[in-house]
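Data block below; observations after.
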Amino acid sequence: MSTQTVIGEGHVERPPPLVRWYAEHRRAVFGTLVAILFLLFWEGLSRGWWADALRPLIGHAADPLLVPPIFISSPSRIAAEAWRMFVVTREIWSDLRFSAMEYALGLGAAIAVGMPLGLASGWYRRLSYAVGPFLAGFNATPQVALLPLIIIWVGFGLAAKILIIFALAVLPIAISAQSAVRTTDARLLKVAHSFGAGEWHLFRTIILPSAVPFLLAGLRLAVGRAMIGIVVGEIFGSAVGVGAMINRSGSRFETDKVFVGVLVIAAAGMLLAELVHQIERRVEAWRPSV
Amino acid sequence: MATAEIELDAGASAHPSTLARFYREHERSIIGGGTLLAVLLIWEGVARSGLVDPLFLSSPIQIVKAGIDLFEGGEIWTHIQVSGSEFLLGYALSVAIGIPLGLATGWYRRLSYLLGPFIDALNAVPRLTLMPIIVIWFGIGIWSKAVVAFLGAVLPILIATNSGVRTSEARYLQVARSFSASELKIFTSIILPGTVPFIFTGLKYGIGRALLGVVVGELYAATAGLGYMIGEAGDTFQTSVVFFGVLIFTATGLVSVGVLDALERRFETWRPKAGAAS
Amino acid sequence: MAVKLEARDIRLEYYQPRTDTRLVALDGVNLTVMDGEFVSIVGPSGCGKTTFLSVVDGLIAATNGRVMVNGRVVSRPGPDRAVVFQDASLLPWRTVERNVVYGLECLGIADAEAKARARKFIDMVGLSGFEHHYPHELSGGMQQRVNLARALVMDPEVLLMDEPFAALDAQTREGMQEELLRIWLQAKKTVLFITHQIDEAIYLSDRVVVFSGRPGRVKEIIEVGMERPRRLTVKREARFHAIEDRIWGLIEEDLKSRIAGDRPPDTPRD
C-alpha cells in the first residue's frame, strides 16, 4: 500500500513527470543536496566565508565561524592531499599494501577459526556449554584491551596486528555460525531424519546450506570490526600502514592527512561490506525477498 | 532453540538417580563451570611448572594477587574513576541523543531524509579512526575519550531506535487511527511500546562500543584510566596487571548488559516468554 | 425502521507510481443498512470487501461517493463507528482491560469511568477475571472477544467487523458465531460484517451482500429471512443450504470469469 496513493476527489489526473521523478527519487535528491550543503558549509568554515559574510552584521561575534584548517581541514584540502598521496608522491601505496596484508591475514584467521568453532558449538550442545562462558566473557570485553598482552606475547611486528584484527573479527563470525546451526528449520531436520540421513549427511545437506546466509551476515559484521584493528593495531610504534600513517599525522597536526586515511579506511570498509552483500544476494536467490 | 532436546540415555531407567537428574537439569552450568575451572587449573599448572616464562603467561593466582595489590595500593581507584566517568559520560550522552534522534528520524520522514546521509556516512566510518582528530579537538583529558565512547555508542542506539519506529506494525497503527487517536497518542501508545525491544538491543550493543572507545582512547593518549594502566603495565611487562585490567573491562561489560537485561525483562512482562530470545 | 448507514456510489482508485497505472479497487458500491440490522459482505478474496470497510470507517478516503451515518456524511474515523479487526490486532503490551479502554482513552475519557464501562463489556463477552491478562496469555477465541469488547465499549452507531473469526479453528469459530449473535441481541447494534465464509454470513445476517471482484462491486443482495434467535443447527437445514448454494453460485461465476480472463455473458442459472 505504501507505493500507491489514493486518488482523491478532483485529482484524477496523474502527476506531471518531474513531480513523479522527484517522488520516486526523493531520498536520493534530498541526500545529495544535504551532502553538498554540508561540504560547502565545511569548506566555508575553514576559508572564513561565513565569518567574512557575517562580520559586517555582528562584528567579532562572527570570529568563531572561522576555524583554522589545522582543526577541521576542509574538503578541498583533503581532496588535494589525497591527490598528492595517491598520484604525486604515491606515498600511501606502501601503507595500503601493508595494512591490506595484515587485514587479509587477520580476517582469514578469524574465518578459519571462528566458523568451524561456531558451527561445531552450534551442532554439539555440550561443546556449546563448554565454550559458552569464554565466548560470553570475550564478547563483553573490549577486545582492544588485549593489545598490551598481545605485544608482550608477540612483539610489535606484523603478528601483533594480525592478532588484534583476529580478536576483533572472530566473535561475530563464531556467534553467527553458532546461531545459524541452532535456528535450522526443525521441519527440514525431521524430513532428513525420516529419509534416514546420517549425522554428517544431515550437516552437509541441511545445516550448512541453511547456515550460509547467517555466516555471510556475520562476515559482514566482522569486516567492519576488523577495520578497527588496522588503526588500533598500529597505534604503537608501527612504521608502515594506513593506521600508523593516521596516528603519525595526528600527532603532527596534519589534519588533512588524517582525514585522507580515515576516508580510505571507510571506503575500504564499505567496499568490502558491499562485496559481501553482493555475495549474500547471489547465495540467497532461492529465498523470497523480504 | 528450535528443537526441544529430550534425550534418554540407553542406561537411564524410568527413575534416574537424583544425581543424574541433578546433572541433567544443570548440565549447562556444570559443563561450563567445569571447563572454566579446568582451564584455570591447567593455566596455573603450566605457569608453575616453569615450562613457560611467567612473564608471558602470568597465572590465575598471580592475577588475583595483582588485583589485591592494586586495590591496596589505592592508585587503581583513580584509574577506575577516570575510566568510569569517561564511559558514563559518553554512554549517557549517546543515550540522551541516540534515543530521541532515533525516534524523531523514525517518525518524521523529512528529518530522516535530512539526517540520513550523515548517519549513513558516520556509520560507514570506523569512528575509532577519528581518534587522532578528536584528540586534536578535545585534548588528552577525559573529554576526548567520552567523545569517542559517545561516537561509538550513539549510532547503534540511534539506528536500532529508528528501525524500531519504522517497523511499527501497520495493524496497530490502523487500530489507533480507527479510534481517532491523536498523533501524540499514536506515538505514546503504539510507536513507543513497540520500539522498546529495539531500543534495548541498541543499548546493549552500545555498551560494548562505548567500552571499546574508552580503551582505545586511553591506549592512544591519556594520563590516567584503566586503559592507560593496562598500556603502562604492558610496557613494563606486568602481565598480571594487564590481565586484571582486562578483567575489569570484561566484568563491566557483563554487569552492564546484565543490568540492561533485567531492566528489559521488567519492561516486557507482556511478552510471551519463548519469543523473548529472538 | 430508519436508515443507519448508507454508502453511495463509492469509487476508489489507486495510483501506482512504479508502474504508472491506475487501479480501480471499488467501482460504484451502493449499500444501505437499517437500524439494528446485521448485514454481511461476502466475496472472493481480493474483491475489495475489506477496503470497502476501511472506506466506511474513514481510514481510506474514497475517490468518489460518500458514506453517511444517520444521514450525516462522514469522511474520517469517528466514535460513531468502531471496527472489530481481523486477527484481533490487540496491543500486545496492554492487558485485556487496557486494550478495551484504548478507544475511550483516545477520546479523552477519564480513566475511572473508562474502566467502569470496560468492565461491563468485558463481562458481556465473558472474560471477567481475565482483565489483567496479556493478549499472548489468551486463546485466539478469547482474543477476538477482547477485540469485540474494545469496539462495543465505544457504544458506536455501527459496528464494522472485518473477518474477525477467519483465523480461528472451525469449532471455535462456530462457538464465536453463536456468542456474537447473543451479544448482538443484547447490545442491539447495527453490524456490517465482512467474511469469506458463506455459511458464517448466512447464519449471522439479515441480509448478505455478494461482492464481485476487480473492481469491487455489489453483485447481488440476498435476504436471509430466517427467524431469530438462531441455533447453530439451522446450518444443517435445507433452506440454509439453498441460500448457501445460491451465494456459492454467484461467487463461482465470478471466479470462473476471472480465470477465463473476461466476463462471460449473463447466463441464467438452473
Side-chain angles (χ1 to χ4, degrees), chain A residues 1 26-27 30-32 34-35 38 70-72 125-126 129-134 136-149 151-153 182-186 189 224 227-228 230-232 235-236 243 246-247 249-251 253 255 258-259 261-263 265-267 269-270 273, chain B residues 1-3 5 27-36 39 55-56 110 113-118 120-121 124-126 128-133 135-137 170 207-208 211-216 219-220 226-227 230-231 233-235 237 239 242-243 245-246 249-254 256-257:
Chain A
M1 205 72 105
R26 193 157 29 187
R27 221 191 143 85
F30 248 94
T32 316
V34 168
F38 175 74
I70 197 172
F71 282 109
I72 59 164
R125 189 165 43 97
R126 296 204 166 95
Y129 293 163
V131 298
F134 297 96
F138 195 50
N139 193 25
T141 311
Q143 293 91 13
V144 172
L146 299 172
L147 189 61
L149 277 178
I151 289 174
I152 291 178
W153 290 336
R182 283 191 183 168
T183 52
T184 306
D185 194 337
L189 290 178
M227 278 292 160
I228 298 173
I230 290 187
V231 182
V232 175
I235 281 183
F236 295 116
I246 291 178
N247 294 322
S249 310
S251 59
F253 290 83
T255 319
V258 175
F259 271 113
V262 169
L263 289 177
I265 288 181
M270 279 195 281
Chain B
M1 241 185 272
T3 48
E5 285 159 300
E27 191 178 20
R28 176 187 285 267
S29 331
I30 291 170
I31 294 182
T35 315
L36 193 63
V39 167
L55 203 62
F56 282 94
R110 268 162 223 232
Y113 290 153
L114 194 72
L115 294 180
F118 295 110
D120 291 343
V125 178
L128 289 174
T129 57
L130 294 169
M131 194 71 227
I133 293 176
V135 169
I136 292 177
W137 289 347
I207 294 269
L211 280 178
L212 195 64
V214 168
V215 174
V216 173
L219 284 176
Y220 182 76
L226 289 168
I230 294 176
D235 287 347
F237 287 91
T239 315
V242 179
F243 266 116
V246 172
F249 279 113
T250 308
T252 310
L254 286 174
S256 311
V257 171

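Proteins get letters first, then strands, A, B, ... in listed order; numbering begins at 1 in each. Treat the numbers as computed from the prediction; the structure is a model and nothing was measured.
Of all the listed residues (A124(B), S256(B), S29(B)), the one sharing the greatest number of non-hydrogen pairs under 4.5 Å with chain A is A124(B). Among I31(B), V216(B), V215(B), the residue making the largest number of heavy-atom pairs under 4.5 Å with chain A is I31(B). Taking chain B as the reference chain and counting heavy-atom pairs below 4.5 Å, the highest number among V34(A), T255(A), I265(A) is found for V34(A). Note: I230(B) leads I230(B), L115(B), V214(B) in heavy-atom pairs under 4.5 Å with chain A. Between chain A and the options G208(B), G234(B), A121(B), G245(B), heavy-atom pairs under 4.5 Å are most frequent for G234(B). The most heavy-atom pairs under 4.5 Å with chain B, out of G243(A), G269(A), P142(A), come from P142(A).
Between P117(B) and G31(A), the closest heavy-atom pair is CG-CA, 3.4 Å. Across all non-hydrogen atoms, the minimal contact from G250(A) to P132(B) is CA-CB, 3.8 Å. When all heavy atoms are compared, the tightest approach of G137(A) to T250(B) is O-CG2, 3.3 Å. Nearest heavy-atom pair, F71(A) versus W137(B), reported as atom, atom and distance to 0.1 Å: O-NE1, 2.6 Å. Taking all atoms of both residues into account, the shortest heavy-atom contact from P126(B) to A266(A) is CD-CA, 4.0 Å.
The structure places CG of L55(B) at 7.0 Å from CD1 of I152(A), a figure rounded to the nearest 0.5 Å. Once rounded to the nearest 0.5 Å, the distance linking CD1 of I72(A) with CD1 of I133(B) reads 10.5 Å. From F243(B), atom CZ reaches atom CG of L146(A) across 8.0 Å, with rounding to the nearest 0.5 Å. Rounded to the nearest 0.5 Å, atoms CD1 (I151(A)) and CG (D235(B)) are 7.5 Å apart. For the atom pair L128(B) CG and I230(A) CD1, the distance stands at 12.5 Å (nearest 0.5 Å). A distance of 6.0 Å separates CG in L147(A) from CG in L219(B), rounded to the nearest 0.5 Å.
For the pairing with Y220(B), the side-chain contact (heavy atoms from CB on, under 4.5 Å) check across V231(A), N247(A), V232(A) returns one residue only, N247(A).
Within 6.0 Å of the CZ atom in F134(A), the count of heavy atoms belonging to other residues, nucleotides or ligands exceeds 12.
For a residue to count as touching a neighbouring chain, one of its non-hydrogen atoms must lie under 4.5 Å from one of that chain's; by this rule V246(B) touches chain A with backbone and side chain alike. Interface residue V39(B): only side-chain heavy atoms are found under 4.5 Å from chain A. For a residue to count as touching a neighbouring chain, one of its non-hydrogen atoms must lie under 4.5 Å from one of that chain's; by this rule A130(A) touches chain B with backbone and side chain alike.
Considering only heavy atoms from C-beta on, R28(B) stays 4.5 Å or farther from R125(A) through its side chain. Counting heavy atoms from C-beta outward, L130(B) and V262(A) have side chains that approach closer than 4.5 Å.
Note: F38(A) and F118(B) have perpendicular aromatic rings, judged against thresholds of 30 and 60 degrees for the angle between ring planes.
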